[in-house]
Amino acid sequence: MITVEKTPTGIAELDRLLNGGVPKGSATLIAGGPGTGKTITAAQFLYNGATVYNEKGLLVSFNESAQIFKRFMLSLGWDFERLEKEGKIKILDFISIKKMSLDVLLDMILEESRSFGAKRMVVDSITALTIAFTERVEVRATISLMQKLLRRLDCTSFLIAETPWGEDKLGSGIEEFVADGIIKLETLPVRGELRRRLMILKMRGTSHDMKFYQYVISERDGIVITPYPEVV
Ligand SMILES: Nc1ncnc2c1ncn2[C@@H]1O[C@H](COP(=O)(O)OP(=O)(O)OP(=O)(O)O)[C@@H](O)[C@H]1O
Ligand SMILES: [Mg+2]
């Protein structure tokens, strides 16, 4: 049996559910509603890569400026400013990208990632990226270009997909099929309070857990997944 090489996320329990991590070089969609912890999960993947696994990480942000992101992360005790200075993390924010064509943007990401030597990449979010370009290029074309870019990179990536509140769908209906894996994050009302839960919907090339797991977002540790599945 050929075993697939894994990239551990470093998030306790998640790596166990993934039998060691996500396949090296794969692209995983982190899909979820507002405030479900998508950015924190992806940031943890980069932070652990840089601090534990000696893998450089690139964050491509269409949602938050690098400065706001770093301040947010510091509230969780993760000093991305220091990692940036140490050359372990690179942040590219494209808050105003209106003047750039999609081809130029993707080439720039490719070039930055290669010259930096990134082994992990996060795009926050694929939804914001497609919205920014749908006027000129269709969503399908954007995602297929993104997929081509990812294949040319020597990176394991997390792509964030934003699901509107109260909707059951994940992304636009295209990236779900293009991505190698999908991790879904949810907030659900249970007896007068919101509970967070996570599940792995798909992960090409590896077996994985299929149950629902509750998680919390902790001030010190970020995403903390309970070791036992939900009892239904
Ligand atoms: N310092 C903190 N300590 C504990 N929990 C926090 C902290 N900061 C944020 N949170 C929790 O994390 C949530 C936001 O997480 P995150 O930004 O990763 O979500 P998101 O899914 O990326 O949201 P969006 O769709 O708005 O981008 C907040 O709604 C809050 O519940
Ligand atoms: Mg976010």
Side-chain angles (χ1 to χ4, degrees), residues 6-64 66-84 86-93 113 116 118-126 155-163 179-187 196-201 203 206 208-209 213-227:
K6 295 288 184 68
T7 294
T9 65
I11 301 172
E13 292 307 320
L14 184 57
D15 288 332
R16 186 179 63 80
L17 306 183
L18 291 162
N19 288 326
V22 290
K24 190 167 178 276
S26 65
T28 302
L29 212 61
I30 307 294
T36 47
K38 302 180 295 297
T39 299
I40 294 177
T41 306
Q44 243 169 304
F45 167 73
L46 291 182
Y47 187 85
N48 293 336
T51 58
V52 183
Y53 302 104
N54 197 25
E55 291 192 343
K56 291 183 181 184
L58 175 71
L59 168 69
V60 181
S61 178
F62 295 93
N63 273 343
E64 289 157 322
Q67 198 193 0
I68 288 177
F69 170 81
K70 285 187 270 187
R71 210 180 305 144
F72 175 25
M73 289 303 117
L74 214 48
S75 79
L76 291 149
W78 303 331
D79 193 348
F80 273 78
E81 180 86 38
R82 181 176 55 83
L83 293 176
E84 213 177 22
E86 289 172 357
K88 294 175 177 166
I89 290 286
K90 187 161 196 151
I91 304 171
L92 298 177
D93 70 43
S113 175
F116 183 57
K119 292 285 172 215
R120 299 181 181 217
M121 184 168 89
V122 165
V123 179
D124 191 357
S125 68
I126 198 88
C155 266
T156 306
S157 37
F158 274 16
L159 311 174
I160 293 175
E162 294 162 14
T163 311
D180 300 304
I182 303 176
I183 297 173
K184 189 181 180 194
L185 306 179
E186 283 181 336
T187 37
R196 299 184 192 276
R197 72 175 191 187
L198 163 155
M199 74 225 62
I200 300 158
L201 288 189
M203 198 60 64
T206 179
H208 59 83
D209 199 288
Y213 287 85
Q214 286 190 16
Y215 66 95
V216 293
I217 299 176
S218 128
E219 187 103 15
R220 272 195 44 196
D221 304 304
I223 302 290
V224 180
I225 304 166
T226 56

Quiz prompt | side-chain contact (heavy atoms from CB on, under 4.5 Å) between Asn48 and Thr9, intermediate numbers included | solution = CA-CA 7 Å; Asn48 293 336; Thr9 65; 5.8 Å; no
Self-check item: Taking every non-hydrogen atom, the tightest pair across Thr163 and Pro34
Solution: O-CD, 3.6 Å
Self-check item: Donor-acceptor contact below 3.5 Å, side chain Asp93 vs main chain Ser61
Solution: no
Quiz item: What distance do Lys70 atom NZ and Phe80 atom CZ have between them, rounded to the nearest 0.5 Å?
Solution: 10.5 Å
Quiz item: Should Asp79 and Leu74 count as side-chain neighbours, where that means a heavy-atom distance under 4.5 Å?
Solution: yes
Practice problem: Decide yes or no for Lys119 and Asn54: does some side-chain heavy atom of the first lie under 4.5 Å from some side-chain heavy atom of the second? | Solution: no
Quiz item: Who are the side-chain hydrogen bond (donor to acceptor under 3.5 Å, both in side chains) partners of Asn19, not counting sequence neighbours?
Solution: Ser207
Quiz item: Are Leu46 and Trp78 side-chain neighbours, meaning at least one heavy-atom pair lies under 4.5 Å?
Solution: no
Exercise. Would you indicate whether the side-chain heavy atoms of Glu13 and Tyr213 approach each other to under 4.5 Å?
Key: no
Quiz prompt | Contact summary for Ser26 and Asp180, nearest pair of heavy atoms | solution = CA-OD2, 3.3 Å
Practice problem: Using a 4.5 Å cut-off on heavy atoms from C-beta on, say whether the side chain of Lys6 contacts that of Leu18. | Solution: no
Quiz prompt | Selection residues 30-39 - residue pairs positive for side chain to side chain donor-acceptor pair (under 3.5 Å), sequence neighbours left out | solution = Thr39-Asp124
Practice problem: Report the distance from atom CD of Gln44 to atom OG1 of Thr51, rounding to the nearest 0.5 Å. | Solution: 10.0 Å
Self-check item: side-chain contact (heavy atoms from CB on, under 4.5 Å) between Met203 and Val22, worked out
Solution: CA-CA 8 Å; Met203 198 60 64; Val22 290; 4.0 Å; yes
Self-check item: Closest heavy-atom pair and its distance - Ala118, Leu58
Solution: CB-CB, 3.9 Å
Quiz item: Can you tell if the side chain of Met73 reaches within under 4.5 Å of the side chain of Tyr47, non-hydrogen atoms only?
Solution: no
Self-check item: Validation row: Tyr53, Pro8 side chains within 4.5 angstrom (heavy atoms)
Solution: yes
Quiz item: Hey, what do you get for CD1 (Ile183) to CG (Leu201), rounding to the nearest 0.5 Å?
Solution: 9.5 Å
Quiz item: How long is the gap from CD on Glu64 to CG on Leu59, to the nearest 0.5 Å?
Solution: 8.5 Å
Quiz item: How long is the span from the CD atom in Glu84 to the NZ atom in Lys90, to the nearest 0.5 Å?
Solution: 9.0 Å
Self-check item: Partners passing side-chain hydrogen bond (donor to acceptor under 3.5 Å, both in side chains) against Lys184 (at least two apart in sequence or in another chain)
Solution: Glu186
Exercise. Quick one: pull up CE in Met121 and CG in Leu159 and give me the separation to the nearest 0.5 Å.
Key: 7.0 Å
Quiz prompt | Results of ring pair (Phe, Tyr, Trp, His ring centres under 6.0 Å) for Phe158 - residues two or more places apart only | solution = Phe45
Practice problem: Return the set of residues passing side-chain contact (heavy atoms from CB on, under 4.5 Å) with Ser218 (not counting sequence neighbours), or none when no residue passes. | Solution: Arg220, Asp221, Val224
Quiz item: Do Ile223 and Leu14 touch side chain to side chain, with heavy atoms closer than 4.5 Å?
Solution: no
Quiz item: What are the two closest heavy atoms between Ala161 and Leu29, and how far apart are they?
Solution: CB-CG, 3.9 Å
Quiz item: Partners of Glu162 by side-chain hydrogen bond (donor to acceptor under 3.5 Å, both in side chains), sequence neighbours excluded?
Solution: Asn63, Ser125
Quiz item: So, for Thr156 and Gly25, which heavy atoms are closest and what is the spacing to 0.1 Å?
Solution: OG1-N, 2.9 Å
Practice problem: Report the residue from Val122, Ile160, Ile11, Leu198 that forms a side-chain contact (heavy atoms from CB on, under 4.5 Å) with Thr41. | Solution: Ile11
Quiz item: Given Arg16 and Ile225, is the side-chain contact (heavy atoms from CB on, under 4.5 Å) satisfied, shown in steps?
Solution: CA-CA 11 Å; Arg16 186 179 63 80; Ile225 304 166; over 6 Å; no
Self-check item: Residue pair Gly10 / Asp15: nearest heavy atoms and the distance that separates them
Solution: N-OD2, 2.8 Å
Quiz item: Any chance CD of Glu86 has more than 12 other-residue heavy atoms, nucleotides or ligands included, within less than 6.0 Å?
Solution: yes
